[in-house]
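So you know, we letter chains A, B, ... as the sequences are listed, proteins then strands, and number each from 1.
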Amino acid sequence: MEEAFIDTSYMRYYIIKDKRVLRDSYIPDSLPGREEQIFRFSQIMADLLSDQPPNDVSFVGKPGTGKTAVVKHVTKKFKEEYPKLRAKFVYVNCSQATTAYRVLYQLNRSLQVLVPPSGYPFDVLRDKFVDAYSSSNVRLVVILDEVDLLVKRDGGRLIYMLNRLNYDLPQNLSISMVVISNTIDFLERLDPRTRSSFEPDRLIFPPYNQPQLYRILRQRADLGLKLGTWEDEALQFIAAKVAQESGDARRAIDILRMAAEIAENERSDRLTVRHAEMALQSVNEEEVAITIRTLPLHHRLIMLAITDLLEKREARPGTGRIYEEYKKRANRYGVTPLTMRRVSGILRELEAQGLVEIQMDYGGARGNTKVVRRMALPPKLMKELLRNLGIR
DNA sequence: TATCCACCGGAAGATGGGGTAT
DNA sequence: ATACCCCATCTTCCGGTGGATA
């Protein structure tokens with residue numbers, strides 16, 4: 001009981017020196033393993049130094065392959081080294097601005113034009129943007145991160161529009177685009193009109209391999225952890241595991257952070273392989289818990305239906321069966337169930353969020369359906385998480 | 001080889017909730 | 001109050017689809 005009066009805060013950060021460094025949002029001064037991409041992107045942007053409009057560029061690669069980091073790194077370098085450069089970089093994350101209207105809203109804001117976040121006709125926003133930009137004196141580089149999300153809704157209408165503006169702009173102005181996407185086939189998903197007029201240089205971001213991941217972790221450990229508080233083998237272990245499963249640097253860094261936290265909570269003075277092993281487990285759980293918490297009610301009810309079917313070892317947990325079970329639960333919950341068409345779509349959404357693994361089952365005369373192979377966590381654990389949210 | 005199952009997923013439109021302008 | 005805008009979510013409609021089966 002006396003312990004309650006002991007101030008333990010002084011030992012809370014026994015291992016961690018700077019927590020920010022252990023988050024993936026932190027952009028270090030050098031990006032291990034992405035030297036080539038940095039070089040090529042810088043080369044393309046170097047046209048700005050001779051006052052030429054740079055080519056459009058597309059960054060393609062899976063999550064956690066350094067796309068955003070590279071773009072931020074290089075644009076930052078340009079701003080620092082050439083403060084008088086006649087150019088402006090505007091970064092827009094399309095996961096926040098999923099429509100053409102909202103991206104345009106952001107672009108306007110970056111030019112100090114205040115427009116309402118909704119309610120205006122699209123064309124008015126476009127005209128305001130064109131007016132404002134025409135009276136400026138810098139070349140514009142628009143960076144559209146997670147552009148897949150925008151293209152999915154808008155089909156490339158905004159890209160087309162921005163591209164076309166170049167024909168009406170005076171010689172000293174230009175709009176270049178850097179589009180960043182997770183999927184390779186996103187260029188094909190543009191509508192034909194856009195595709196024929198938009199041909200960016202492509203930069204590929206392959207998954208990180210083990211040595212690269214090790215270098216990344218080493219860098220973070222050097223910057224974010226106290227000297228001599230971690231075992232090199234722990235970093236090697238994380239690098240090996242992540243290289244094998246995904247090559248996702250974000251994940252590797254997450255695991256390192258979690259391992260450090262676990263070690264500290266144990267009052268251990270060193271981060272060991274054992275901590276890394278434990279972290280590997282809890283990172284998954286933490287991630288799933290976070291995504292589930294943001295799920296709307298019907299998504300949760302569907303998750304619960306799937307959980308029960310998997311627990312019962314249902315032979316064919318396809319859309320039809322899931323829908324039946326979901327409907328029962330919705331009624332029990334006092335909400336009117338959605339249609340099967342919608343539930344079918346939600347299953348794809350849950351898949352995209354990494355909560356379930358789906359496979360098509362071509363059953364011949366038994367018909368075709370999507371079948372849930374497994375979930376991100378064992379059904380029992382998943383049920384527990386749902387229960388904590390009041391879903392049962 | 002034709003049939004047929006049990007869905008799939010695109011397209012389009014309804015719904016309701018956010019907003020602005022007059 | 002009225003007439004517009006934007007937009008995410010959901011429903012309605014409907015032409016596919018792959019392979020087991022007859």
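For the pair A/R157 and A/F122, the cation sits on the ring face: its NZ or CZ lies under 6.0 Å from the ring centre, inside 45° of the axis. Within the cation-pi definition used here (under 6.0 Å to the ring centroid, within 45° of the axis), A/R34 qualifies as a partner of A/Y208.
Side-chain proximity of A/P121 to the nucleotides C/dC5, B/dA6, C/dT9 is greatest for C/dC5. Of the listed nucleotides (C/dA20, B/dA11, C/dC7), C/dA20 has the atom at the smallest distance from the side chain of A/A365. Of the candidate nucleotides B/dC8, B/dG19, C/dT11, B/dG19 has the atom lying nearest to any side-chain atom of A/S118. Nearest nucleotide to the side chain of A/Y120, out of C/dT12, B/dC8, B/dA21: B/dA21.
Side-chain to base pairing of A/R348 with B/dG9: no donor and acceptor N or O lie closer than 3.5 Å to each other. Interface remark: the A/R366 side chain does not form any donor-acceptor pair with the C/dG18 base, using a distance-only criterion of under 3.5 Å.
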Task: Evaluation steps, salt bridge (Lys or Arg N to Asp or Glu O under 4.0 Å), between A/E277 and A/R274 - done: CA-CA 5 Å; A/E277 275 168 352; A/R274 190 175 57 81; over 6 Å; no

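Side-chain nitrogen and oxygen atoms of A/T98 include none within less than 4.0 Å of the OP1 or OP2 phosphate oxygen of C/dC7. Remark: A/K370 is in phosphate contact with B/dG9, judged by side-chain N or O atoms under 4.0 Å from OP1 or OP2.
A salt bridge does not link A/K327 to A/E324: none of the charged nitrogens lies less than 4.0 Å from a carboxylate oxygen.
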